Amino acid sequence: MKNIIYTFIFSLLLTTQSFAQKKELTGKVVDKTNGAPLEGVNILIDKSKVGTSTKKDGTFTISLKSSKAVLIFSSVGYSTQTVIVDKNTENLTVQLVQSATDNAEVVVVGYGTQKRSDVTGAITKFKNDKLDETPVSRLDQALQGKIAGMQVQNISSEAGSDAKINIRGISSIYAGAEPLVVVDGQPIADGLAYVNMADVESVEILKDAASAAIYGSRGASGVILITTKSGKADKVKFNFKYSVGGKTDYKRYDVMTTSEYVNRLFYEEQLQINDTLETKTPITASNNERAAYIVESKLLGGNGTDWQSQGLRKALFQNIQLGASGGKSEFKYYLSAGYQRDQGMMQNSDYEKFNIRAKMDFSLSKKAKLVFNVNPSISRKESPSVNFTTFVRYPSFMPVYHNDSTINLVHQNTQWQYLSVGDFAQPRHFNNLFYQGYMPNGTFWSNSGADPFSSSTNSPTSILQSTSIVNKDYRLQASMDLTYKIMPGLDFKSLATSYFNYTYGLNWASKNAERDGTVSRGVFTNNSNIDLLAEETFNYTKNIKDHSINALLGFTTQTTRLVKNQVAGLDFPNDKIRTLNNSTIIDKSSTVGSSNRVGLISYLGRFNYSYLSKYMLSTSFRTDGSSYFGPGKKWGTFPSVSVGWTMDKEKFMSNVKAISKLKWRLSYGVSGNNRILDFGFLELLYPANYAYGNGTGNTTPGQATSPTIRSNPDITWERTFQKNLGLDISLFKNKIGFTIDCYQSKTDRLLLQQSAMAFTGVPLSWNNIGSLQNMGIELQMNTNNINNAHFKWITSGNISHTKNKILELGNEAYLLYEGERNELYKNIVGGPLIQFYGFKTNGIWLSQQEIAASGLTSPFRDAFNEGQLKIVDVNNDGVLDNNDRTILGSPYPDFTWGLTNTFSYDNFDFAFTFQGSQGGKLINGDPNYDETKKLVRSYNDNRYISPSNPGDGKTPTYNKSGFNWMLTDYVIEDASYYALREVSIGVKISEDKMKKILLNGARVYFTAQNLYFHNAKGYRGINPEARYTNGPYASALVGGYQRGAFPIPQTYVIGIDFNF
Amino acid sequence: MKNIFLFSILVVSIISCNKNIDILPQSNLYDEVYYKDYDQFNAALTGCYNGLQKPMLDEWSLTELRSDNAIMGNPTSGSIPNRELSDLDLLIPNPAHERIYNYWLNSYYNIFNVNKIMSNLAIKYDSVNGALNYDTTSTPVTQVQRKKLSAEASFIRAYHYFNLVRLFGGVFLIHKPVSPAESKFINRSSVSDVYKLIIADLKNTVDYGNGNPYQSIGYTDLGRVNSWSAKALLAKVYLTLNMKTEAIPLLQDIYANSGYKLQSTYADVFSITNEMNSEILFTVRYKSGKIGLGSPFANMFAASSSGNYIVNGDGDGYDYPAYDLDSIRPNSTGNNFDSLRGSEYDKTDPRRSFNIKKYGTKLYCSKYISNLIYEDDGENDWPVIRYADVLLMLAEAQGFIAPNSSSVQLINQIRTRVGLASVNPQTVDEFYKYLSRERRFEFAFENQRWFDLVRFNTTLKPHFAEDALKSHFTYMYNAKGGNHYNQYLPMINLNALLSQVNQDHLLLPIPRREIDNNTNLVIAQNPGY
């Protein structure tokens, strides 16, 4: 920026001098540190497109049109330098300084920082460049596709919801496979949710065990270090950013209307009647379907309701940021305030976040330095109480509100006399009535007592309007650290941080919100989470000639107190008054409370040695004591060692001109995982009351064991041993840079919610069994394709591949888990973590003859019906039964990748990011599940109708589906995709115009997300990233399932950025 | 100086911090500190009573729905919960069936809690002699307390195993807490071994349970099982095993000495203002008031899509009465019956109007519906053993002696109470028909019918459950049965449907998960699944 300003000033000076003279200038460009001549340096005469570049020996010749000129020298890996020449300048020598992005770059590591050149572990640094212009409200979403080895999946597209993050695959089976998030030194579980992206200076991802082992018991799944911005000793700088935009769904389900569906049934019936091969009675539209058809075609005039449009909306995205920073050497500050609003595409889905941060650095004396950092924030999240799926599968004949015709119809039933036009129409209003009218085939039909849509629940729109689910998080992260220089090279740092999160939630349902005769209900949640951390570290740095050492020794203790209170009040006098004092009765079954503490004590140390930044050695250890485990099982030790070799500094490499940098890194380390539920080592008792006594009885307190999981007093740490071999290589004067890392990790003593025999009384039990292996390779690449003063083109990309394998599971050959629809997930020793387990199919049965000819038998209901999935007799025993289940695929992608291209031309910049995942499979629950499958066209096109009209021979008929609750390969689909994740276009508004209004610069930008999304062939849903993660899917052993996926959001934002 | 100061802060913080990781639960009690005194055992026992509620959620679907009393209310629906009910209605459940698994798990969960109490009381089951052994080791409670606690706990265990063995056959016989690792080496037991434990458990209750007659039971003890409950349940066990001579003295004892008696009207038995009345020997209790003990059955069984016409919060339309139980048949001739099935209620039978009501054209089971303020928060208890059952069991155990004999009079006691004319069967066959029919009407929707039908296969020979079920399927397949069974999609023809009624399908499949989950042992599935 400075260069541009100087250039600007000088160019002003130049233009005032009109006595132009031509001049031939020669010179040389060298590296400032070693004086070596530099080849290929771009030299440009300012404000013109005329330029040249240096030769092999660093020399150049350039002809100037005037005697005074400003020359701009630029080269990859060096800071751009501006030189003013006048008529006296001869034989110019320019010394270029290597740019900060290379050698001097500092990387944040656990409990300290390290020079990039000395790093021996696998750490990826992501600097917040334009990260905060990404039109998402959370940091994790902004990081998607940007870092090799880190997989970010937007499993839910609801505003403000958590993304699923894995670093280097899944190193743990139960729950703790999410990386540890550390914000300014304090581990905070929901760090990615609340940190204001504009405050972020950099994000470092510690991927291998050697760099994560310093976080000991919590480092096994990688560590994400978030460092916020600090003030710099400079004049005060203000920054104001504003962006606004909208969000809309990329793609919806293609749903048939009731009329289309009934027309189809009549058409199919006719085909069946005409089919001489059909032996069965043709299937005719049922009375209920006919009644629905009459409502839509007659009472709604053929205009059914598009329920997806009822559920979705065009949503708003807004981001306002204001920041100030500056200071003097003894006092520096960074202050910011930010507001973000991220509406969901779904009605009643809204996320707002307000952040303030003050970070101050004080130099108390020559020896003492104090940093004070405080970040209060408020976020508000509103969630819809109805799933999008409900809208998708809601029949179109149901009007949202009653009109004159429908009200006349439902008034047949005296129970609904009180309804009038404009009231919400509910399914039950249409049941048990007399219907008559013409069918699609012209016949007249009448019936009394049809139930066109049997459901006790209100329509989704009416539920949404009478419910609200709002959660507010009030957070305060505050920290203070004092660094004291005990003697030269030895620092003592004492850090105290606190994190307070108070969550207030109200889940409200008005009277009759969901059903008739339900009272109003308010579920009030008050949760508090207080986390305190104290950390004392000694840091010793010493350079003796070519040797430099750095040692760290520390002690830290952390305690977390979690208090949860949830009270449900019922029956409020008025739907507007929503405080607990007005409730008539408390619902004990929804009223819960708990108070628990979690503690951790740790000792840690690290020793780094570097010889000329050529040979590096680093070792670290950490000993953790955790309250999660029982007596005798609390303590664990996590050591690591890593070495590095900067090969390009060797003499024999000096001739290899193509290689400008070559560094090898090798590491080995142990890290752990303790993230289980509290007190897995104790058999807890829970209230289980009962009423004894005459009359209605008196409630007597009772206690019973956990109905879900059995404890295990011996459970302890999970350990992950990881080896990493890394290579950093830069070619052609840093034009191309690669970082390649290969790793192998092995986790043993897996903390497992092991599937227990149900006759023990619980379905699960805690155990430490088994081991798991992850192997992978990741590649991060940066190329400077074009780099001259005007035009720059940078490409950065990453690709990673992980393969996991179960090495052993105690005495078991496999584990087996069920999902929500009894679909099975098998975890087999020697195979990947999850494999889908079910039946292979081979198209559908086309005729009774084919069934008879097969000679197969089966105990299953509906195993043999024409038009229904044909199960393969895998074991060839002539019987289709559970022994024919087999492996159907695995959810893990072969590789994930991201590719960003950034272009800039003078004041314009343009960037786009592609991101993708290749090779994983998913279970699409929709074509399996009658209600979602019934109306969606992609599950019904080309379906079987009759022997002569078999459709595509693969799609089962709706009415003869049979196996729809058992897992078959019919619903296993390719989850591969690639997306044009981000496009951004920006322009700097030239300073001279801005100068008048005292601005240092301004930028206007436009960004868009998900402009294009490509799904794999065979994927029939609308969002291949969507996954279920609750209930059985919370386990890492069960996954890869989606049903009723939410549409992918497409976001457009324009923004402006002022600096003054 | 400063350094020393800082260092001392460090040291202090280290010393004071070990308590930071020695943390015990603050919001839950836990095993190691529990089962230490009588109050705690009593609370654990109360937990077992509470555990009776959960299996009830599914029991109706495994018993009434499979029998000829109830049908699936929404046969055309393809939703998974409805399909699972359809499977039971059609007698072709899948081993992966959610309800079957839930019933299994919830029953065993409660058995585990009973086993916890028994092992902490140092009472072991001797599987060789079929008896409970009271170890001589000292226990935290007195001998009297120990016997009282174990008497109630062993009843609950026997009750669950009795249901499990009747539904699944030989199940896994767990009579002490087993670890998850041990469980992988336990296979199914034989039916007779299961009954051996049931009998031992019930004898324990008979011996040590409260033996006071009804009128002398302390009113705070009502709702707890006692010696009489155990005698009645044991009599049913004997009847099921066709050991009629063992059942008779137990039933006669209750008849003569228990103080339990019939209520004056059928409605009084179930009235929520008359709970724990003299007819209730054992019931699963519910209590409204949003304290987590409310009965969900009013909402589950009320007609679906009825708004708040029947109960607040609408109904699900489950346990839908079969037409051949209600006298909805247009050309009903009233009091006729075909074979064992007993045909439909007499139109004037007050039990019909009490048990079955109509919403529009829909029938629904109204037995457990009382005025409901809050959804899923009913007051109605679910009776398990009633005095009426004792009378009819005694009639069944004694069998047909002669016209107007005591067995016949037992049946007539039930009929007289509801204002129906006495019957006087002249033959064994007629007696069986009247007995079967009376049980069906009296205990409709009390989860008895399925077990009765299966039991009649041995006690009322040659009347077979299969015949009754086939007759029900045929009736309900046709127009007079509302074409119920031919509405299912894919359409099932009657012969295919009737072929589902076989000996194999009188047992449920062992949950698939249980078989899949054991890699050490091969666990046999029940035949036919």
Side-chain angles (χ1 to χ4, degrees), chain A residues 286 415 428 431-432 449 454 456 486 515-518 536 557 559 585 587-589 594-595 597 599 601 625-627 634 679 682-685 688 690-694 696-697 699-704 707 755-761 765 812-813 816 822 859 861-862 865 930-931 959-960 965, chain B residues 3 6 10 17 20-21 23 25-31 43-44 46-47 49-50 74 76 78-80 92 96 104-105 108-109 112-113 172 174 178 180 183 219-220 222-224 275-276 285 287 290-293 304-305 307-309 312-314 360-361 375 379 489-490 514 516-517 519 529:
Chain A
S286 70
Q415 193 184 344
R428 59 182 166 277
N431 290 352
N432 256 322
S454 184
S456 306
I486 298 171
R515 291 167 159 221
D516 261 6
T518 52
E536 322 293 339
T557 175
T559 176
I585 192 167
D587 180 359
K588 170 73 178 73
S589 51
S594 72
S595 166
R597 213 154 64 82
I601 307 175
S626 164
S627 69
K634 290 183 189 292
F679 307 116
L682 288 174
E683 196 76 75
L684 298 182
L685 296 167
Y690 197 66
Y692 303 116
N694 60 341
T696 58
T699 313
T700 310
Q703 293 275 310
S755 200
M757 301 299 286
F759 64 72
T760 59
S765 72
E812 319 264 354
L816 206 54
N822 300 333
R861 169 184 172 190
D862 310 337
N865 267 305
D930 278 359
E931 287 181 12
N959 285 328
K960 291 179 180 173
W965 71 101
Chain B
N3 302 348
L6 287 168
L10 176 63
C17 264
N20 193 19
I21 57 169
I23 297 172
Q26 298 168 347
S27 18
N28 294 85
L29 290 161
Y30 53 97
D31 217 21
T46 300
Y49 278 102
N50 173 286
N74 194 0
T76 56
S79 79
I80 298 285
I92 2 177
W104 173 276
L105 176 67
Y108 271 112
Y109 166 69
F112 174 75
N113 276 291
F172 299 84
I174 311 300
V178 293
S183 72
Y219 66 88
T220 53
L222 288 169
R224 291 179 177 274
E275 291 189 334
M276 296 316 303
R285 300 204 74 182
K287 187 169 167 59
K290 279 290 172 188
I291 50 172
L293 296 174
S304 65
S305 302
N308 58 357
Y309 190 80
N312 274 331
D314 214 319
T361 56
E375 195 183 356
E379 176 61 49
L489 292 171
E514 214 71 331
D516 282 350
N517 207 11
T519 49
Y529 294 104

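Note on naming: letters A, B, ... go to the chains in the order of the sequence lines (proteins, then strands), and numbering restarts at 1 for each one. Predicted model, so just to flag it, every value in this text is computed and none were measured. These numbers come from the heavy atoms of this one structure, side chains and all, not from hydrogens, waters or symmetry mates.
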Side chain / backbone / both / neither for [X] at chain B, heavy atoms under 4.5 Å:
X	value
A:F679	side chain
A:N432	side chain
A:P707	both
A:S595	both
A:Q703	both

Between [options], which residue shows the highest count of heavy-atom pairs closer than 4.5 Å to chain A?
options	result
B:K287, B:E379, B:K290	B:K290
B:W104, B:Y219, B:Y529	B:Y219
B:N113, B:I92, B:V178, B:N74	B:N113

Nearest 0.5 Å please: distance from the CG atom of B:L105 over to the CE atom of A:M757. 12.0 Å
Please work out which of the three classes, parallel, tilted or perpendicular, describes the rings of B:F172 and A:F759, given edges at 30° and 60°. parallel
Is there side-chain contact between A:T760 and B:I174, with at least one heavy-atom pair below 4.5 Å? no
Under the 6.0 Å and 45° cation-pi test, does B:R224 pair with A:Y692? yes
